[in-house]
Trainee: 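Have a look at the structure that comes next, please.
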Amino acid sequence: MSDTSSESVPDARPANFIEQKIKADISSGKHGGRVHTRFPPEPNGYLHIGHAKAICVSFGLAKQFGGKTNLRFDDTNPEKESLEYVNAIKKDISWLGFDWDGDEFYTSDYFEQLYNYACKLISKGLAYVDDQTAEQIAAQKGAPGTPGVNSAYRTRSAEENQKLFGEMKAGRCKEGERVLRAKIDMGHVNMLMRDPVIYRVKFVNHHRTGEDWVIYPMYDFAHGQSDSIERITHSLCSLEFENHRPLYNWFIRALDIYPSEQTEFARLNLNYTIMSKRKLLRLVEEGVVDDWDDPRMPTISGLRRRGYSAESIRVFSNLIGVAKRNNTIDVSLLEWSLRDDLNRRALRVMAVLNPIRLVVLNYPEEKMEMMKAVNNPEDEAAGTREIPFGRELWMEADDFRVDVNKKWFRLAPGRTVRLKFAYIVQYVNHLQDEQGNVTEVHVNYLPNSRSGQDTSGVKPKGTLHWVAADSAKEAEVRLYDRLFKEAAPEAKGDFMDALNPNSLKILQGCKVEPCLSKAAEGTYFQFTRLGYFTLDPKHSKPGLPVFNRSVSLKDGWKG
RNA sequence: UCCCCGAUGGUGUAAUGGUAACACACCGGUUUUUGGUGCCGUUAUUCCAGGUUCGAGUCCUGGUCGGGGAACCA
């Protein structure tokens, strides 16, 4: 009745094809107008940015239409799954900003029901126990374009199948000795419809059901039925399951259960990134990165540690859209999403990464002033703070050069610059070591140029960040670059060959504003003129904070 | 060989038979006590061939190219 209510919600983003389908379903009264989605991770690894897109799609669409989303762990293969992954997944999803009303679903909760479904199939003559080996079954499968051949066990009676399936369940069959197969069509053009295996024997302890079961359902026999049991209306998944949809529907029809509907969309790919759990695991195992949450990893935990905000990831997911064509998103869009978010929220502070001495010769030696610094020019409510200024300062080595052209706005012989929130200073001279590295720069300041009460009339082109030497705190800073030097790391053979050897640069002896010694985990900072940074909770030690660079500032300087 | 899906600027996404648009990237200008932000602007797009139609990115046919498809994985 409220067909205009969704229109009243302002939403500049164009509707994607799934949204359009849902709208059509609602207006046609399908599923009683309900929208109920699910996110079904297998707890066998950490979630990555690709999963974040899937989460935003399934949770986001349900939320948009006033529906619900079930978090369901698809735990039908106990060999690969564990509680550790369950917990990590829950943490990542709730950090992303989605909740599941305290209800957690597990496919393993339906093992009994699924077993009964299998029995029902047997009694309808639609499933049979096959005694052949995996190799024999594979050999009979045929090939695309060539039909397979029927198993000799395909004609067993329902009674015999029931008895044998019961024995499988009772643990009287060895692993690999027998499987239960759906009886569909060995000549079907879709290979998945050629009598797929639906139950196999595994004498493996399950992280939730323990030793209760020795037979476990295959994905195709578990997923659609679980959707159906939960009365999921829109089961959204990635393109790789398109070929599974006929099977998904076949089981629902054969079992005559709630008709959940599967719709597929393209998964996220990012350039300069790999997105496969198996390959990410290899990076961890071979020590290329320090763990799943290494700030260079595209995992949600890695992005979090890197300093990505949940908001920026949600915005990114919205920006990339949902469609069926394979895509490769430019990482710059992810980076833009972060900058756009943090520009509004991050606290501006000053930090000098590669410090050299800056001495203000005409500033009294014993004098110290507190300067008023704006915390965030994008947000007046963020207020101001006081920072100490004195005769001896630290400045960025990169901000001084001896030989310069007219495009150089920073300090150099003969040049004048503004020290942010402080005074305008003029070059006097500089000192070098034996290797010719500049170690110290001497300047004079203009006393009437104090920030906020400048009457000097001097308009320097450049503004430099700085830290007062006396009160500066020591910090370590980690600069990250993309993990791979190739846009498509997997394109030319082994992705390990495409690794960027300079993806991590550790800077020690950095000088930061006093307030940063009290930096809290999860606070977003902008180090003025340098980029966005956040405290690394793993490497920081009392008295020696470690900051991760989340993303640099956009650098418009072409010099 | 067969089946399924897809093809719109550099990268993505819209346009649902009626002016091909938006974002990011790029380039240029402007503002600026961050070479950031903001603001303004430039460049650049419908895979090919037929057909239907007054009119096709959209519908039909054929082709080309790309992705997926045989696990007791999900």
Side-chain angles (χ1 to χ4, degrees), chain A residues 12-17 20 40-42 44 74-77 79-81 107 130 133-134 137-139 141-148 175-181 188-194 196-202 215-216 218-220 222-223 237-246 264 266 271 277 316 319-337 339-340 343-344 348 350 374 377-378 407-410 417-422 424 449 451-452 454 459-465 526-531 552-559:
Chain A
R13 182 177 49 84
N16 64 59
F17 79 100
Q20 296 181 20
E42 183 187 13
N44 70 342
D74 212 350
D75 53 352
T76 58
N77 186 2
E79 273 166 84
K80 296 180 176 173
E81 299 154 5
T107 304
D130 197 327
T133 64
I137 291 173
K141 205 108 202 189
T146 332
E175 284 188 23
E177 193 181 338
R178 291 195 233 267
V179 292
L180 185 69
R181 291 227 259 168
H188 204 285
V189 289
N190 183 337
M191 297 289 294
L192 293 166
M193 299 292 272
R194 322 246 261 226
V197 171
I198 58 177
Y199 262 96
R200 76 288 212 194
V201 175
K202 270 183 200 285
I215 55 170
Y216 292 96
M218 297 288 289
Y219 167 84
D220 283 307
H223 200 92
C237 64
S238 53
L239 252 27
E240 56 184 314
F241 293 102
E242 254 174 336
N243 293 316
H244 293 248
R245 179 152 33 94
E264 313 84 11
N271 60 9
K277 278 191 211 171
F316 171 75
L319 244 29
I320 59 180
V322 179
K324 293 195 75 160
R325 91 179 72 131
N326 297 305
N327 60 79
T328 303
I329 307 289
D330 204 316
V331 281
S332 65
L333 185 60
L334 214 212
E335 295 175 344
W336 176 86
S337 306
R339 289 193 189 104
D340 188 54
N343 177 50
R344 278 188 290 265
R348 270 65 169 176
M350 294 205 280
V374 173
E378 305 296 319
K407 287 190 159 176
W408 180 261
F409 295 169
R410 286 116 93 150
V417 297
R418 155 79 62 185
L419 296 180
K420 192 162 176 78
F421 301 133
I424 292 172
S449 69
S451 188
D454 183 359
K459 299 283 176 204
K461 282 208 153 146
T463 301
L464 268 40
H465 61 278
Q526 184 195 106
F527 288 2
T528 302
R529 299 210 302 139
L530 297 174
S552 66
L553 250 30
K554 188 176 156 195
D555 190 357
W557 183 45
K558 306 298 183 306

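Residue numbers start from 1 in every chain, and the chains themselves are labelled A, B, ... in the order their sequence lines are given, proteins ahead of strands.
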Trainee: Of the options A70(B), U34(B), G12(B), whose atoms approach the side-chain atoms of Asn327(A) most closely?
Mentor: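 Nearest listed nucleotide: G12(B).
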Trainee: Among G69(B), A74(B), G66(B), which nucleotide has an atom closest to any side-chain atom of Pro144(A)?
Mentor: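 So the side chain of Pro144(A) is nearest to G69(B).
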Trainee: Taking atom types as they are modelled, would you say the side chain of Thr463(A) forms a donor-acceptor pair with the base of U34(B) within the 3.5 Å cutoff?
Mentor: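 Donor-acceptor pair under 3.5 Å: no.
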Trainee: Using the C1' atom on both, measure U42(B) against C54(B) and round to a whole Å.
Mentor: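 Comparing C1' positions in U42(B) and C54(B) gives a spacing of 36 Å.
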Trainee: Describe the nucleic acid contact of Gly142(A) in one word from base, sugar-phosphate, nothing, applying a heavy-atom distance below 4.0 Å.
Mentor: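 If one applies the 4.0 Å heavy-atom cut-off, Gly142(A) turns out to touch a base.
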Trainee: With respect to the side chain of Phe409(A), which nucleotide from C72(B), C73(B), G35(B) is positioned closest?
Mentor: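 Looking only at heavy atoms from C-beta outward on Phe409(A), the closest nucleotide is G35(B).
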Trainee: Which residue, Lys277(A), Glu81(A), Glu79(A), forms the side-chain hydrogen bond (donor to acceptor under 3.5 Å, both in side chains) with Asn44(A)?
Mentor: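 So, applying the side-chain hydrogen bond (donor to acceptor under 3.5 Å, both in side chains) to Asn44(A) and each of Lys277(A), Glu81(A), Glu79(A), only Lys277(A) qualifies.
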Trainee: Mark yes or no for a side-chain to base donor-acceptor pair under 3.5 Å between Arg529(A) and U34(B), with no hydrogen or angle criteria applied.
Mentor: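 Answer is no: no donor-acceptor pair is held.
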Trainee: In whole Å, what separates the P atom of C22(B) from that of A15(B)?
Mentor: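 It works out to 15 Å between them.
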Trainee: Does any non-hydrogen side-chain atom of Arg348(A) lie less than 4.5 Å from one of Glu378(A)?
Mentor: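 Contact flag for Glu378(A)/Arg348(A) side chains = yes.
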Trainee: For Trp408(A) and Asn326(A), take the nucleotide of RNA chain B holding the closest heavy atom to each; which residue's nucleotide lies nearer the 5' end?
Mentor: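 Upstream on the strand: Trp408(A).
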Trainee: Does Thr76(A) put a side-chain nitrogen or oxygen below 4.0 Å from OP1 or OP2 of A74(B)?
Mentor: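 Indeed, a polar side-chain atom of Thr76(A) lies that close.
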Trainee: Heavy atoms only, 4.0 Å cut-off, all strands: where does Glu42(A) land among base, sugar-phosphate and nothing?
Mentor: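 It contacts sugar-phosphate atoms only.
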Trainee: Taking for each residue the nucleotide of RNA chain B with the nearest heavy atom, is it Thr146(A) or Asp75(A) whose nucleotide lies nearer the 5' end?
Mentor: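 First, find each residue's nearest nucleotide; the 5'-ward one identifies Thr146(A).
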Trainee: Are the side chains of Asn77(A) and Arg200(A) in contact, using a 4.5 Å heavy-atom criterion?
Mentor: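 SC-SC contact between Arg200(A) and Asn77(A) confirmed.
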Trainee: Please state the C1' separation for the pair G36(B) and U32(B) - nearest whole angstrom.
Mentor: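 It works out to 10 Å between them.
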Trainee: Out of C72(B), C26(B), C3(B), which nucleotide sits closest to the side chain of Val179(A)?
Mentor: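 Of all the options, the side chain of Val179(A) is nearest to C72(B).
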Trainee: Can you find a heavy atom in the side chain of Arg178(A) that is under 4.5 Å from one in the side chain of Val201(A)?
Mentor: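 No, too far: nothing below the 4.5 Å cut-off.
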Trainee: To the nearest Å, how far apart are Asp330(A) CG and U13(B) C1'?
Mentor: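 About 14 Å, once rounded to whole Å.
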Trainee: Tell me the partner of C2(B), counting only Watson-Crick (N1-N3 plus N6-O4 or O6-N4) or G-U wobble (N1-O2 and O6-N3) with both under 3.5 Å; none if nothing fits.
Mentor: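 When the pairing criteria are applied, G69(B) turns out to be the nucleotide that pairs with C2(B).
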Trainee: Of the nucleotides C73(B), A70(B), A74(B), which has the atom closest to the Lys80(A) side chain?
Mentor: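 The nucleotide sitting nearest to the side chain is C73(B).
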Trainee: Determine the contact category for Thr328(A): base if any of its heavy atoms lies under 4.0 Å from a base atom, sugar-phosphate if only primed atoms, P, OP1 or OP2 are that close, otherwise nothing.
Mentor: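 Since only primed, P, OP1 and OP2 atoms lie under 4.0 Å of Thr328(A), the category is sugar-phosphate.
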Trainee: Of the nucleotides G36(B), G68(B), C73(B), which has the atom closest to the Asn243(A) side chain?
Mentor: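 Closest nucleotide to the Asn243(A) side chain: G68(B).
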Trainee: In whole angstrom, give the distance that lies between atom CG of Leu239(A) and atom P of C5(B).
Mentor: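 Taking atom P of C5(B) as the reference, CG of Leu239(A) is at 11 Å.
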Trainee: Quick check: closest heavy atoms across His244(A) and Asp220(A), and the distance to 0.1 Å?
Mentor: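 Minimum heavy-atom contact is ND1-OD1, 2.7 Å.
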Trainee: Describe the nucleic acid contact of Lys554(A) in one word from base, sugar-phosphate, nothing, applying a heavy-atom distance below 4.0 Å.
Mentor: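 If one applies the 4.0 Å heavy-atom cut-off, Lys554(A) turns out to touch the sugar-phosphate alone, with no base involved.
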Trainee: Give one of base, sugar-phosphate or nothing for His244(A), where a contact means two heavy atoms less than 4.0 Å apart.
Mentor: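 Here His244(A) touches the bases of the nucleic acid.
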Trainee: Would you say a side-chain N or O of Arg200(A) is under 4.0 Å from OP1 or OP2 of C73(B)?
Mentor: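 Checking Arg200(A) against C73(B): at least one side-chain N or O falls below 4.0 Å of OP1 or OP2.
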Trainee: Rounding to an integer number of Å, can you tell me how far Met218(A) CE sits from C73(B) C1'?
Mentor: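 It is 7 Å, rounded to the nearest whole Å.
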Trainee: Considering only side-chain heavy atoms of Asn77(A), which listed nucleotide, G36(B), C73(B), G35(B), is closest?
Mentor: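 My answer, after comparing the listed nucleotides, is C73(B).
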Trainee: Take atom C1' in U61(B) and the same atom in U19(B), then report the distance between them in whole Å.
Mentor: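 To the nearest whole Å, 29 Å.
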Trainee: Using the P atom on both, measure C59(B) against U1(B) and round to a whole Å.
Mentor: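 Straight-line distance between the two P atoms is 28 Å.
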Trainee: Quote, to the nearest angstrom, the C1' distance that separates G67(B) from C24(B).
Mentor: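 G67(B) and C24(B) have their C1' atoms separated by 24 Å.
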Trainee: Measure across Tyr216(A) and Lys202(A) and return the closest heavy-atom pair with its distance rounded to 0.1 Å.
Mentor: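 So the two residues come closest at CE1-O, 3.4 Å.
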Trainee: In whole angstrom, give me the gap between the C1' atoms of C47(B) and U43(B).
Mentor: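 Pairwise C1' distance, C47(B) against U43(B), rounds to 23 Å.
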Trainee: If you measure from the P atom in G50(B) to the same atom in A56(B), how many Å do you get, rounded?
Mentor: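 My reading of the P atoms in G50(B) and A56(B) gives 14 Å.
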Trainee: Give the nucleotide from the list A14(B), G69(B), U37(B) with an atom nearest to the side chain of Asn16(A).
Mentor: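 Closest nucleotide to the Asn16(A) side chain: A14(B).
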Trainee: Given U34(B), A7(B), G36(B), which nucleotide is nearest the side-chain atoms of Thr528(A)?
Mentor: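 The answer is U34(B).
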Trainee: To the side chain of Ser332(A), which of A74(B), G69(B), A25(B) is closest?
Mentor: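 Of A74(B), G69(B), A25(B), A25(B) is nearest to the side chain of Ser332(A).
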Trainee: Does Asp74(A) reach a base, just sugar-phosphate, or nothing at all? Heavy atoms under 4.0 Å.
Mentor: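 Answer is sugar-phosphate: Asp74(A) comes under 4.0 Å of backbone atoms only.
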Trainee: Counting any heavy atom closer than 4.0 Å, what does Val374(A) reach on the DNA or RNA strands: base, sugar-phosphate only, or nothing?
Mentor: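 Nothing, no nucleic acid heavy atom in range.
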Trainee: Phe241(A) has an atom CZ; how far is it from atom C1' of C5(B), in whole Å?
Mentor: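 Result: 15 Å.
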Trainee: Does a nitrogen or oxygen in the side chain of Lys202(A) sit under 4.0 Å from OP1 or OP2 of C73(B)?
Mentor: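 Indeed, a polar side-chain atom of Lys202(A) lies that close.
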Trainee: Check this for me: does the side-chain of Arg348(A) come within 3.5 Å of the base of U34(B) through a donor and an acceptor?
Mentor: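 Such a pair is found, so the answer is yes.
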Trainee: Rounded off to whole Å, could you give me the CZ-to-P distance for the Phe421(A) and U32(B) pair?
Mentor: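 In whole Å, U32(B) P and Phe421(A) CZ are 17 Å from each other.
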Trainee: Can you check the Arg194(A) CZ to C4(B) P distance for me, whole Å?
Mentor: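 To the nearest whole Å, that distance equals 14 Å.
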Trainee: Please report, rounded to the nearest Å, how far the P atom of U37(B) is from the CD atom of Glu335(A).
Mentor: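 Interatomic distance, CD of Glu335(A) to P of U37(B): 13 Å.
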Trainee: Write down the distance between OH (Tyr219(A)) and P (C73(B)), rounded to a whole number of angstrom.
Mentor: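 Answer to the nearest Å: 15 Å.
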Trainee: Can Thr107(A) and Asp74(A) be counted as having a side-chain donor-acceptor contact under 3.5 angstrom?
Mentor: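 Judged by distance alone, the side chains do pair up.
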Trainee: Need one value for Gly452(A): base, sugar-phosphate or nothing, where a base atom within 4.0 Å counts as base even if backbone is also close, heavy atoms only.
Mentor: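 Base, at least one base atom sits under 4.0 Å.
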Trainee: Can you see if the side chain of Arg325(A) gets near the phosphate of U13(B) - specifically, an N or O under 4.0 Å from OP1 or OP2?
Mentor: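 Arg325(A) to U13(B) OP1/OP2: side-chain N or O found under 4.0 Å.
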Trainee: Have a look at Arg245(A) and say if it touches a base, only the backbone sugar-phosphate, or nothing, with a 4.0 Å heavy-atom cut-off.
Mentor: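 Since no nucleic acid heavy atom lies under 4.0 Å of Arg245(A), the category is nothing.
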Trainee: G6(B) base to Glu264(A) side chain: any donor-acceptor pair below 3.5 Å?
Mentor: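 There is none.
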Trainee: Rounded to the nearest 0.5 Å, what's the gap from CZ on Arg245(A) to CD on Glu264(A)? Could you check?
Mentor: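 Rounded to the nearest 0.5 Å, the CZ-CD separation comes out at 4.0 Å.
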Trainee: Using Watson-Crick or G-U wobble geometry with both distances under 3.5 Å, which nucleotide pairs with G41(B)?
Mentor: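 Partner of G41(B): C27(B).
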Trainee: What's the shortest heavy-atom distance between Leu192(A) and Asn243(A), and which atoms?
Mentor: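 Smallest heavy-atom distance, with atoms named: CD1-O, 3.2 Å.
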Trainee: Could you tell me whether Ala323(A) contacts a base, only the sugar-phosphate backbone, or nothing, with contacts defined as non-hydrogen atoms closer than 4.0 Å?
Mentor: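 Counting heavy atoms under 4.0 Å across all strands, the contact made by Ala323(A) is with sugar-phosphate only.
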Trainee: I'd like to check Arg339(A) versus Ser552(A) (side-chain heavy atoms, cut-off strictly below 4.5 Å). Are they in contact?
Mentor: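 Heavy-atom side-chain distance check passes, below 4.5 Å.
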Trainee: Classify Pro377(A) by what it touches in the nucleic acid, base, sugar-phosphate, or nothing, heavy-atom distance under 4.0 Å.
Mentor: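 Base, at least one base atom sits under 4.0 Å.
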